[in-house]
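Worksheet for the structure shown next.
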Amino acid sequence: MTAPLPVSDHAIAATRWAATGSVMALIVLCLAWELVLAPVRPGGSWIALKALPLCIPLAGLLKNRMYTYRWVSLVIWLYFTEGVERGWGDKPPSQWLAWAEVLLCLVLFTACTLHVRLRQRNAKAMAAAKESQEGQEAPFSPAA
């Protein structure tokens, strides 16, 4: 079995910034949607608080914590479900905003999944390289 090739740092950075950017875009979208663009009630509603849980993973994504990428890729399906439901049931402009939410959720899920996969592949490649390097070194034997 051949050792996996290391992944470019640019690819990992791209997935990191795609995930972070899509979370920030989702926060802005949720607030603008429920407070200004198409609120359920005139003047805004408490539904805007749905943006608050998205602020929690933002810190972990900015600190590049692998655990955050994993659980965000699961939690984001709640927002995806809301977007699909409102995309089918609401009237424009709320309908368009719901489909934008769905699109951002898909971008976030894809970025998180790729980020985790690329970082794991990189870790395996580094471990394999270290193992092969240690295997090539001759053991030290003092002259007697």
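Along the sequence shown, residues are numbered consecutively beginning with 1.
A salt bridge does not link Arg86 to Glu101: none of the charged nitrogens lies less than 4.0 Å from a carboxylate oxygen.
Leu49 and Ile27 fall into different hydrophobic clusters, where Ile, Leu, Val, Met, Phe, Trp and Tyr side chains are chained together by heavy-atom contacts under 4.5 Å. Put simply, Leu52 and Leu31 are part of two different groups of oily side chains (I, L, V, M, F, W, Y) that touch within less than 4.5 Å, one to the next. Leu35 and Trp46 sit in two unconnected hydrophobic clusters of ILVMFWY residues. Membership requires side-chain heavy atoms under 4.5 Å apart, directly or through other members. Side-chain heavy atoms closer than 4.5 Å link hydrophobic residues (I, L, V, M, F, W, Y) into clusters, and following such links, possibly through other members, connects Leu104 to Val36. Both Leu54 and Val102 belong to a common hydrophobic cluster when Ile, Leu, Val, Met, Phe, Trp and Tyr are linked at side-chain heavy-atom distances under 4.5 angstrom.
Listed by first then second residue, pairs satisfying side-chain hydrogen bond (donor to acceptor under 3.5 Å, both in side chains) with a partner in residues 10-25 read Thr15-His115, not counting sequence neighbours.
Heavy-atom neighbours of Trp96 CH2 from other residues, nucleotides or ligands within 6.0 Å: at or below the threshold of 12.
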(request) In sequence, state the C-alpha distance, the side-chain angles, and the governing distance for Asp90 and Leu97, and then conclude on side-chain contact (heavy atoms from CB on, under 4.5 Å). (result) CA-CA 10 Å; Asp90 288 2; Leu97 297 168; over 6 Å; no

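What you find for Ala18 and Val107 is that their closest heavy atoms are O-CG1, 4.5 Å.
Between Tyr69 atom OH and Leu118 atom CG the span is 11.5 Å, to the nearest 0.5 Å. Phe80 CZ to Leu26 CG: the interatomic distance, rounded to the nearest 0.5 Å, is 12.5 Å. Atom CZ of Arg117 is separated from atom CD of Gln120 by 9.0 Å, given to the nearest 0.5 angstrom.
Put simply, the side chain of Thr68 does not reach to within 4.5 Å of the side chain of Ile56, judged on heavy atoms. Side-chain contact between Cys105 and Trp77: absent, with no pair of heavy atoms (C-beta onward) separated by less than 4.5 Å. Looking only at side-chain heavy atoms (C-beta outward), Asn64 and Arg119 come within less than 4.5 Å of each other. Within the 4.5 Å cutoff, the side chain of Leu37 has no heavy atoms near those of the Pro93 side chain.
Of the listed residues (Thr110, Leu108, Val116), just one forms a side-chain contact (heavy atoms from CB on, under 4.5 Å) with Cys112, and that residue is Leu108.
In this structure, Glu34 contributes its side chain and Pro39 its backbone to no donor-acceptor pair below 3.5 Å. Tyr79 contributes a side-chain N or O that, together with a main-chain N or O of Lys50, makes up a donor-acceptor pair within less than 3.5 Å.
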